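Only one structure is covered here, and it is reproduced in the block below.
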Amino acid sequence: MNGLARICWITAPIYALLGMAFGIWMSASGDHTLSPVHGHMNLLGWVSIALYGTFYTVMPAAAESRLAQIQVLLAQAGVILIVPGIAMAIQGAGEGLAKAGSVIVLLSMLLFVWVVASRIGRTASAV
Ligand code: HEM
Ligand code: HEM
């Protein structure tokens, strides 16, 4: 398995464990105020990063480009910023971190579209 896929497959389950533990804490406490924090930890951290890991596992050649490395770096940075950012925004402690995180998450997805499109283009021309 290439380095990018490995990074994705190591970090995604960690985000899942943290997100699920937070979900269990919400259920146990009955306090669901921060449910979007839990939702986005699971959906951006576990689901999205695992999908990137899947792509870079089945398309290892795509993982070789500098653009793909930046894509995964931004995806990780986005999760790390947006999750506490959402908590701060809900608690009225400022929206700056959530805004920064959301733009970085979006940039990461834009790069992913570019990485996938250029790979599909090359695969199609090779057939
Ligand atoms: C141990 C596993 C989990 C537990 C105990 C758990 C628990 C919860 C609880 C208590 C809520 C709040 C429900 C409400 O207020 O109506 C919630 C919301 C949510 N959960 Fe989970 N969850 C778990 C796993 C997951 C996973 C794996 C995902 C996604 C892949 C997920 C996605 C969501 C989403 C999207 C919401 C709604 C967030 C929002 O209100 O914006 N959960 N969960
Ligand atoms: C730039 C990235 C994203 C931003 C800024 C964002 C923002 C938001 C906001 C502001 C809400 C409403 C929260 C509330 O009601 O308090 C929300 C809810 C939600 N988001 Fe996201 N989101 C992002 C990415 C995603 C992704 C990638 C997924 C799924 C893979 C997702 C799934 C959901 C779900 C399931 C809900 C709950 C909807 C509901 O309760 O009806 N989000 N999101």
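By convention here, the first residue in the shown sequence is residue 1. Predicted model only: the values in this text are computed from it and were never measured.
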Exercise. Could you verify whether a donor N or O on one side chain and an acceptor N or O on the other, from Gln76 and Tyr52, lie under 3.5 Å apart?
Key: no

Self-check item: Residue pair Gln71 / Tyr56, side-chain donor-acceptor N/O under 3.5 Å
Solution: yes

Give a yes or no on whether the backbone of [Y] and the side-chain of [X] come within a donor-acceptor separation of less than 3.5 Å.
X	Y	value
Ser118	Val115	yes
His38	Gly19	yes
Thr11	Ile7	yes
Arg119	Met59	no

Quiz prompt | Side-chain heavy atoms of Trp46 within contact of Met41, under 4.5 Å | solution = no

Quiz item: Can you find a heavy atom in the side chain of Val79 that is under 4.5 Å from one in the side chain of Val105?
Solution: no

Quiz item: Hey, mind stepping through Asn42 and Phe22 against side-chain contact (heavy atoms from CB on, under 4.5 Å) and telling me if it holds?
Solution: CA-CA 10 Å; Asn42 278 313; Phe22 192 68; over 6 Å; no

Quiz prompt | Nearest atoms (heavy-atom pairs only) where Ala89 meets Ala98 | solution = CB-CB, 4.5 Å

Quiz item: What heavy-atom pair brings Lys99 and Ser102 nearest, and what distance separates the two atoms?
Solution: O-OG, 2.8 Å

Quiz item: Which residue, Ile49, Leu51, Thr57, forms the side chain to side chain contact (heavy atoms under 4.5 Å, CB included) with Cys8?
Solution: Ile49

